[in-house]
Amino acid sequence: MVHLQLDDIENFAKENNIPIMQKDGIEFLVNYIKENNIKNILEIGSAIGYSAIKMALVNEDIKITTIEKDYDRYLMALDNIKKFNLNDRINIINNDALLVDIIDTFDLIFIDAAKSQYIKFFEKFDKNLKLGGVVISDNMSFHGLVLDDSKTNNRNTKQLVKKIRKYIEFLNNNNNYSTTFIKQGDGIAISKKNNAS
Ligand code: SAH
Ligand code: MG
């Protein structure tokens, strides 16, 4: 029996300012997984397990490895995953993704962690993505600031905007991948790895 509802996790995230995926963003991701028959997923940035649970619920043979560096969030994610009886299909690792060595290969890598490190995550985990696989990156519009950052004067925010723009440029210039950007949620990049690279 699942007593905990996804709504409860969404509400908890909202109340505690935990930046889980936005509704239409996660719907897009879930549909993408369905339509492309994705089975093995690596997620960078679990937070409290919301997106991992949503993805795992698409189909019973989906397996997910997800990495979260914050210990408290990791514990909450673990608890949520257990409550959904998904602990045999979601493997959560408590560490900085840049310090973890993963040997498995995946159909999809979902990057939803520190925006300043996206290029590093992408380069590091490229070896873990199958040919023809896809990297999906969240927060490409960063509340609209990537298009127009005049709405903020915060230095750190402006720095992050710069980093995201760099990442977008990096994706566009990467010949081993074809990237499309969609406006759902907070902006999502879909980077398909070429079949021969
Ligand atoms: N994917 C989640 C939301 C993730 S929020 C969902 O939609 O439900 C981003 C998370 O990434 C935060 O919890 C943060 O602690 C984590 N994070 C940031 N940098 C990280 C890193 N280098 N390695 C692992 N986790 C990281
Ligand atoms: Mg996000």
Side-chain angles (χ1 to χ4, degrees), residues 4-33 38 41-58 62 64-84 86 89-102 106 108-126 128 134-146 156-157 159-161 163-164 167-168 181-191:
L4 183 85
Q5 302 289 311
L6 282 162
D7 283 358
D8 298 330
I9 304 184
E10 287 166 11
N11 292 333
F12 181 89
K14 205 177 224 169
E15 283 157 18
N16 294 279
N17 289 317
I18 298 166
I20 63 168
M21 275 210 110
Q22 295 175 17
K23 270 259 159 83
D24 56 338
I26 191 71
E27 283 324 311
F28 170 83
L29 188 58
V30 159
N31 281 327
Y32 189 93
I33 290 167
I38 292 197
I41 303 169
L42 173 65
E43 177 182 65
I44 318 297
S46 341
I48 57 173
Y50 175 72
S51 52
I53 291 168
K54 286 282 279 189
M55 293 191 285
L57 291 175
V58 169
I62 291 173
I64 303 176
T65 297
T66 181
I67 311 173
E68 173 55 52
K69 71 171 184 191
D70 183 272
Y71 185 60
D72 292 330
R73 287 185 181 177
Y74 157 78
L75 287 181
M76 284 187 265
L78 198 58
D79 191 46
N80 287 334
I81 291 162
K82 279 186 187 150
K83 283 178 176 149
F84 274 85
L86 290 169
R89 296 201 285 118
I90 303 177
N91 171 29
I92 180 163
I93 299 167
N94 178 217
N95 206 339
D96 183 329
L98 293 174
L99 302 176
V100 181
D101 203 26
I102 304 278
F106 302 87
L108 185 155
I109 297 178
F110 176 47
I111 304 179
D112 190 18
K115 291 176 258 296
S116 55
Q117 316 256 44
Y118 273 27
I119 295 180
K120 283 186 184 155
F121 295 137
F122 192 104
E123 287 182 327
K124 170 165 181 158
F125 294 107
D126 172 59
N128 300 98
V134 70
V135 177
I136 294 188
S137 314
D138 189 33
N139 305 104
M140 293 299 96
S141 90
F142 197 25
H143 317 293
L145 293 169
V146 171
N156 287 335
T157 310
Q159 257 334 97
L160 277 184
V161 169
K163 292 270 189 176
I164 297 168
Y167 181 64
I168 291 170
F181 296 90
I182 62 151
K183 285 184 178 147
Q184 310 266 9
D186 194 29
I188 295 172
I190 302 142
S191 309

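Counting convention: from 1, in listed order, for ligands and their atoms alike. Computed from a predicted model, the values in this text were never measured in an experiment. Any value given below was found using the heavy atoms of this structure, including those in side chains, with hydrogens, waters and symmetry copies removed.
- In this structure a side-chain-to-backbone donor-acceptor pair under 3.5 Å is missing from D126 to F122.
- The shortest N or O to N or O distance between P19 and ligand 1 is not under 3.5 Å.
- One finds the CD1 atom of I111 at 13.5 Å from the NZ atom of K120 (value rounded to the nearest 0.5 Å).
- Ranking protein heavy atoms by distance to atom 25 (N) of ligand 1, first place goes to K69 N, 3.2 Å.
- Checked by atom type, the side-chain pair S137/Y167 shows a donor-acceptor distance below 3.5 Å.
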Report task. For the pair I26 and S51, evaluate side-chain contact (heavy atoms from CB on, under 4.5 Å) and give the outcome as yes or no after the intermediate values. Result -> CA-CA 7 Å; I26 191 71; S51 52; 3.8 Å; yes
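- In terms of polar-atom proximity, Q117 is not counted as a contact of ligand 1, lacking any N or O under 3.5 Å from an N or O of the ligand.
- Taking 4.0 Å as the cut-off, D96 counts as a neighbour of ligand 1 on heavy-atom distance.
- At least one heavy atom of I67 lies less than 4.0 angstrom from ligand 1.
- For the pair E43 and ligand 1, a heavy-atom separation below 4.0 Å is found.
- Distances from the Mg ion (ligand 2) under 2.8 Å pick out these protein N/O/S atoms: D112 OD1, D138 OD2, N139 OD1.
- Close approach of ligand 1 to I20 (heavy-atom distance below 4.0 Å) involves ligand atoms 3 (C), 6 (C), 7 (O), 8 (O).
- Across all their heavy atoms, K115 and N139 have their closest contact at CD-CB, 4.0 Å.
- Of the heavy atoms in S46, only backbone atoms (N, CA, C, O) come closer than 4.0 Å to ligand 1.
- Set against the non-hydrogen atoms of Y50, the atoms of ligand 1 under 4.0 Å away are 8 (O).
- For atom 17 (N) of ligand 1, the closest heavy atom belonging to the protein is A113 CB, 3.7 Å.
- Between K23 and E10, some side-chain heavy-atom pair lies under the 4.5 Å cut-off.
- Of the N or O atoms in D112, one or more lie within a sub-3.5 Å distance of an N or O in ligand 1.
- Atom CD1 of I18 is separated from atom CZ of F12 by 5.0 Å, given to the nearest 0.5 angstrom.
- Of all atoms in ligand 1, listed by their number and element, those nearer than 4.0 Å to a heavy atom of M21 are 6 (C), 7 (O).
- A side-chain contact (heavy atoms from CB on, under 4.5 Å) with D96 holds for exactly one of V100, I93, N94, L99; it is L99.
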Query raised in the report: After noting the C-alpha distance and the side-chain angles of I53 and I90, does the key distance pass the side-chain contact (heavy atoms from CB on, under 4.5 Å) rule?
Result: CA-CA 8 Å; I53 291 168; I90 303 177; 4.3 Å; yes
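- For ligand 1 and A97, the ligand atoms under 4.0 Å from any heavy atom of the residue are 21 (C), 22 (N), 23 (N), 24 (C).
- Nearest-residue assignment for atom 18 (C) of ligand 1 (options A47, A77, G49, A114; heavy-atom criterion): A114.
- Looking at G45 next to ligand 1, an N or O pair under 3.5 Å apart turns up.
- With Q22 contributing its side chain and D24 its backbone, the two residues share no donor-acceptor pair below 3.5 Å.
- Looking at every heavy atom in both residues, A77 comes nearest to G49 through CB-N, 3.6 Å.
- Contacts with ligand 1 closer than 4.0 Å are made by heavy atoms of both the backbone and the side chain of E68.
- Y71 contributes atom OH, which lies 13.0 Å from atom CG of N95 (distance to the nearest 0.5 angstrom).
- Nearest protein neighbour of atom 12 (C) of ligand 1, counting heavy atoms only, is R73 NH1, 3.2 Å.
- Counting heavy atoms of neighbouring residues, nucleotides and ligands inside a 6.0 Å radius, atom NZ of K163 does not exceed 12 of them.
- Within the 4.0 Å heavy-atom criterion, the part of N95 lying near ligand 1 is the backbone and not the side chain.
- One finds the CG atom of D8 at 9.0 Å from the CG atom of N80 (value rounded to the nearest 0.5 Å).
- Close approach of ligand 1 to S51 (heavy-atom distance below 4.0 Å) involves ligand atoms 1 (N), 2 (C), 6 (C), 7 (O), 8 (O).
- When I182, I168, D186 are each tested for a side-chain contact (heavy atoms from CB on, under 4.5 Å) with S141, only one passes: D186.
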